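First comes the structure, then the notes that go with it.
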Amino acid sequence: MATQTSDLLAAAAPRTVDVVRGIGDDQLGLPTPCRDYTVRELLNHLIEVVVNFQALAEKRSVEWADKPDHLVDGWRDRFEAETGRLVAAWSDPSTLEGVSPGMGMPQTVIGGMALLDLTVHGWDLAVATGQPYEPAPEAVAELRGLVEGLAPTARRMGVFADPVPTSSVDLPDLDHLLAQTGRPPTWLPTR
């Protein structure tokens, strides 16, 4: 990634932390634009991502099979603290060297995937819960190329849905990014 990964994560993190802090307990059962995930399920996934990508920064293997419920007392504070640890974990330039032993991809891609999850799931949670969300522009710009490279494999693995056609080339960068991951940029919750 052209800009240091930790700088991009540091720019993106507070925006997603603000969204997570704004989620009410009564909103945990709402649907999200992330296929088949409620707000609760997506929050649990995002917390797991933030924790696991700390270990991936250190080139350690992680376990994705466990699906614990992280939404216990203080989960909003824990998300903020873990997100801070994520930024710190990627701050050493050596984290971007080599290939991830656990994922088999270049570390630069792994760092980008952490940024992608933080950014796109921040949007998912914001629109699902009726909150404003303005992503870090530098993160979105960096992620467009990453998503183009990851898309074929991500679609085969069911991580991305088919791209959503967009009728305008003048759409904001975020809308293009969302469409490439299979999310309609105009998604609205059904209550």
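Nothing fancy with the numbering, it's 1 onward along the sequence. As the structure is a prediction and not an experimental result, all values here were calculated from the model.
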Practice item. Check whether Leu177 and Val164 end up in the same hydrophobic cluster, where Ile, Leu, Val, Met, Phe, Trp and Tyr are linked by side-chain heavy atoms less than 4.5 Å apart. Key: no

Check your understanding: With sequence neighbours left out, which residue pairs that include part of residues 99-109 fulfil the salt bridge (charged side-chain N to carboxylate O under 4.0 Å, His left out) condition?
Key -> none

Please output the side-chain donor-acceptor pairs of residues 154-162 that fall under 3.5 Å, not counting sequence neighbours, one pair per line with the distance.
from   : atom 1 : to     : atom 2 : distance (Å)
Arg155 : NE     : Ala161 : O      : 3.1
Arg155 : NH2    : Gln180 : O      : 2.6
Arg156 : NH2    : Thr153 : OG1    : 3.2

Revision key, fill the gap. Residues passing the ring pair (Phe, Tyr, Trp, His ring centres under 6.0 Å) test with Phe53, sequence neighbours excluded, are Trp64

Practice item. Might you work through the side chain to side chain contact (heavy atoms under 4.5 Å, CB included) test for Leu178 and Val120, ending with a clear yes or no? Key: CA-CA 7 Å; Leu178 295 169; Val120 172; 4.2 Å; yes

**Study point:** Leu42 CG to Ile47 CD1 distance, which is reported to the nearest 0.5 Å
**Key:** 10.0 Å

Review point. Between Ala10 and Pro14, what is the shortest heavy-atom contact and its length?
Key: O-CD, 3.0 Å

Check your understanding: Of Ile110, Leu8, Asp7, which meets side-chain contact (heavy atoms from CB on, under 4.5 Å) against Trp90?
Key -> Ile110

Check your understanding: Around atom CG of Asp26, are there more than 12 heavy atoms of other residues, nucleotides or ligands at under 6.0 Å?
Key -> yes

Check your understanding: Going through the distances and angles, do Val20 and Trp75 end up as a side chain to side chain contact (heavy atoms under 4.5 Å, CB included)?
Key -> CA-CA 9 Å; Val20 168; Trp75 60 267; 3.6 Å; yes

Point to revise | Flag, side chain of Gln131 to backbone of Val19, donor-acceptor distance under 3.5 Å | key: yes

Revision key, fill the gap. Taken in chain and number order and not counting sequence neighbours, the residues that satisfy salt bridge (Lys or Arg N to Asp or Glu O under 4.0 Å) with Glu80 are Arg21

Exercise for review: Run the numbers on Leu150 and Met113 for side chain to side chain contact (heavy atoms under 4.5 Å, CB included), then give the verdict.
Suggested key: CA-CA 9 Å; Leu150 290 176; Met113 290 168 63; 3.8 Å; yes

Check your understanding: Which heavy atom of Thr129 sits nearest a heavy atom of Gln27, and at what distance?
Key -> O-NE2, 3.1 Å

Review point. Residues in salt bridge (Lys or Arg N to Asp or Glu O under 4.0 Å) with Asp92, at least two apart?
Key: none

Review point. Can you name the nearest heavy-atom pair linking Gly112 to Leu143, along with the distance?
Key: O-CD2, 3.6 Å

Practice item. Sequence neighbours left out, what passes side chain to side chain donor-acceptor pair (under 3.5 Å) with Asp117? Give chain and number order. Key: His121

Point to revise | Nearest heavy-atom neighbours spanning Ala126 and Pro132 | key: CB-O, 4.1 Å

Practice item. Mind listing the closest non-hydrogen atom pair of Asp25 and Arg76 along with its distance? Key: OD1-NH2, 2.9 Å

Review point. Which heavy atom in Pro31 sits nearest to a heavy atom in Ala128, and how many Å separate them?
Key: O-CB, 3.3 Å

Review point. Counting only N and O atoms by type, is there a donor-acceptor contact under 3.5 Å from the side chain of Gln107 to the main-chain atoms of Glu97?
Key: no

Point to revise | OG1 on Thr95 to CD on Gln4, rounded to 0.5 Å | key: 6.5 Å

Practice item. List for me each residue that meets salt bridge (Lys or Arg N to Asp or Glu O under 4.0 Å) alongside Asp69, sequence neighbours excluded, and say none if there are none. Key: Arg40

Point to revise | From Arg85 atom CZ to Ser91 atom OG, the distance as rounded to the nearest 0.5 Å | key: 14.0 Å

Check your understanding: Can you list the residues that meet the side chain to side chain donor-acceptor pair (under 3.5 Å) rule with Glu148, with sequence neighbours excluded?
Key -> none

Exercise for review: Report the residues that fulfil side chain to side chain donor-acceptor pair (under 3.5 Å) with Thr16, sequence neighbours left out, ordered by chain and then residue number.
Suggested key: none

Study note, to complete from the structure: By salt bridge (Lys or Arg N to Asp or Glu O under 4.0 Å), Arg78 pairs with (sequence neighbours left out) Glu82

Review point. Is the backbone of Thr119 close enough, under 3.5 Å, to the side chain of Arg15 for a donor and an acceptor to pair up by distance?
Key: no

Review point. With the 4.5 Å side-chain cut-off for hydrophobic clustering, are Leu9 and Tyr133 part of the same group?
Key: yes

Point to revise | Leu46 reachable from Leu28 in the ILVMFWY side-chain graph, under 4.5 Å edges | key: yes

Check your understanding: Side chains of Phe79 and Val17: closer than 4.5 Å at any heavy-atom pair?
Key -> yes

Review point. Quick one: does Thr5's side chain get under 4.5 Å of Leu115's, heavy atoms only?
Key: no

Exercise for review: Please name all residues satisfying side chain to side chain contact (heavy atoms under 4.5 Å, CB included) with Glu41, sequence neighbours left out, ordered by chain then number.
Suggested key: Tyr37, Thr38

Exercise for review: Could you list all the salt bridge (charged side-chain N to carboxylate O under 4.0 Å, His left out) pairs where at least one residue sits in residues 119-132, not counting sequence neighbours?
Suggested key: Asp124-Arg183

Check your understanding: Do Leu118 and Met105 belong to the same hydrophobic cluster, where Ile, Leu, Val, Met, Phe, Trp and Tyr are linked whenever their side-chain heavy atoms lie under 4.5 Å apart, directly or via other members?
Key -> yes

Review point. Does one hydrophobic cluster hold both Trp187 and Val39, with members joined at side-chain heavy-atom distances below 4.5 Å?
Key: yes

